[in-house]
Q: 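Let me give you the structure first, and then I'll get to my questions.
Every heavy atom of this structure was used, including side-chain atoms; hydrogens, water molecules and symmetry mates were not. Just so it is clear, the model here is predicted, and its values are computed rather than measured.
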Amino acid sequence: DVQLVESGGGSAQAGGALRLSCVASGAIRRRVCMGWFRQAPGQEREGVAGISSDGDTIYYNDNVKGRFTISQNNDNAKNMVFLQMNSLRPEDAAMYYCAASSRSFCTMTILGKFAYDSWGQGTQVTVS
């Protein structure tokens, strides 16, 4: 199993920025994809951004393209994935979750929640 811990959430004003971080531990070598998802109250969990472990595949939700950037750092055994969120909008407010997938097909559906088999506890983002 992969254990995921998110950090970096908080409050920001519209137009502001936040940077989310996720530390992965455990069965790291089994990761094929990493993703960020979000879920607002009463809504379905949706994919925000995804990246393959080799960095060759990156996708963004159309609603965040040009504003959010996903990146990762697998150096020095620090297995981390980041989500830089700029130009925040009130509709970006949600609980944000880091996810990891060991499934070979995840690159084909990298923003689909069913492609992922490990999840963090989430970090709250509020935009006013």
Q: Quick one: pull up CG in Leu20 and CD in Glu6 and give me the separation to the nearest 0.5 Å.
A: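 One gets 8.5 Å once the value is rounded to the nearest 0.5 Å.
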Q: Should the pair Arg89-Asp92 be classified as a salt bridge under the 4.0 Å nitrogen-to-oxygen rule?
A: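 Salt bridge flag = no for Asp92 with Arg89.
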Q: How long is the gap from CG on Asn61 to CH2 on Trp36, to the nearest 0.5 Å?
A: 15.5 Å
Q: What distance separates Tyr116 OH from Thr109 OG1, expressed to the nearest 0.5 Å?
A: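 Interatomic distance, Tyr116 OH to Thr109 OG1, rounded to 0.5 Å: 8.0 Å.
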Q: With a 4.5 Å heavy-atom cut-off, do Phe82 and Cys22 have their side chains touching?
A: no
Q: Does the side chain of Met85 come within less than 4.5 Å of Val127's, by heavy atoms?
A: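 Not touching, per the 4.5 Å side-chain cut-off.
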Q: If you measure from SG on Cys33 to CD1 on Ile58, what distance do you get to the nearest 0.5 Å?
A: 11.0 Å
Q: Side chains of Gln84 and Ser71, heavy atoms from C-beta outward: is any pair under 4.5 Å?
A: no
Q: Taking the side chain as everything from C-beta on, heavy atoms only, tell me whether Arg38 gets closer than 4.5 Å to Leu83.
A: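 A side-chain contact is absent here, since even the closest heavy-atom pair is not under 4.5 Å.
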Q: Restricting to non-hydrogen atoms, name the atom on Ala24 and the atom on Met34 that form the minimum distance, rounded to 0.1 Å.
A: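 Here Ala24 and Met34 meet closest at CB-CE, 4.5 Å.
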Q: Report yes if some heavy atom in the side chain of Tyr60 is under 4.5 Å from a heavy atom in the side chain of Thr69; otherwise report no.
A: yes
Q: Nearest 0.5 Å, please: how far is SG in Cys98 from CD in Gln3?
A: 12.0 Å
Q: Test Phe37 against Trp119 for ring-ring contact (aromatic ring centres under 6.0 Å, His included), laying out the working first.
A: CA-CA 10 Å; Phe37 289 75; Trp119 294 86; 4.9 Å; yes
Q: Nearest 0.5 Å please: distance from the OH atom of Tyr97 over to the CZ atom of Arg45.
A: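 So the gap between those two atoms works out to 4.5 Å.
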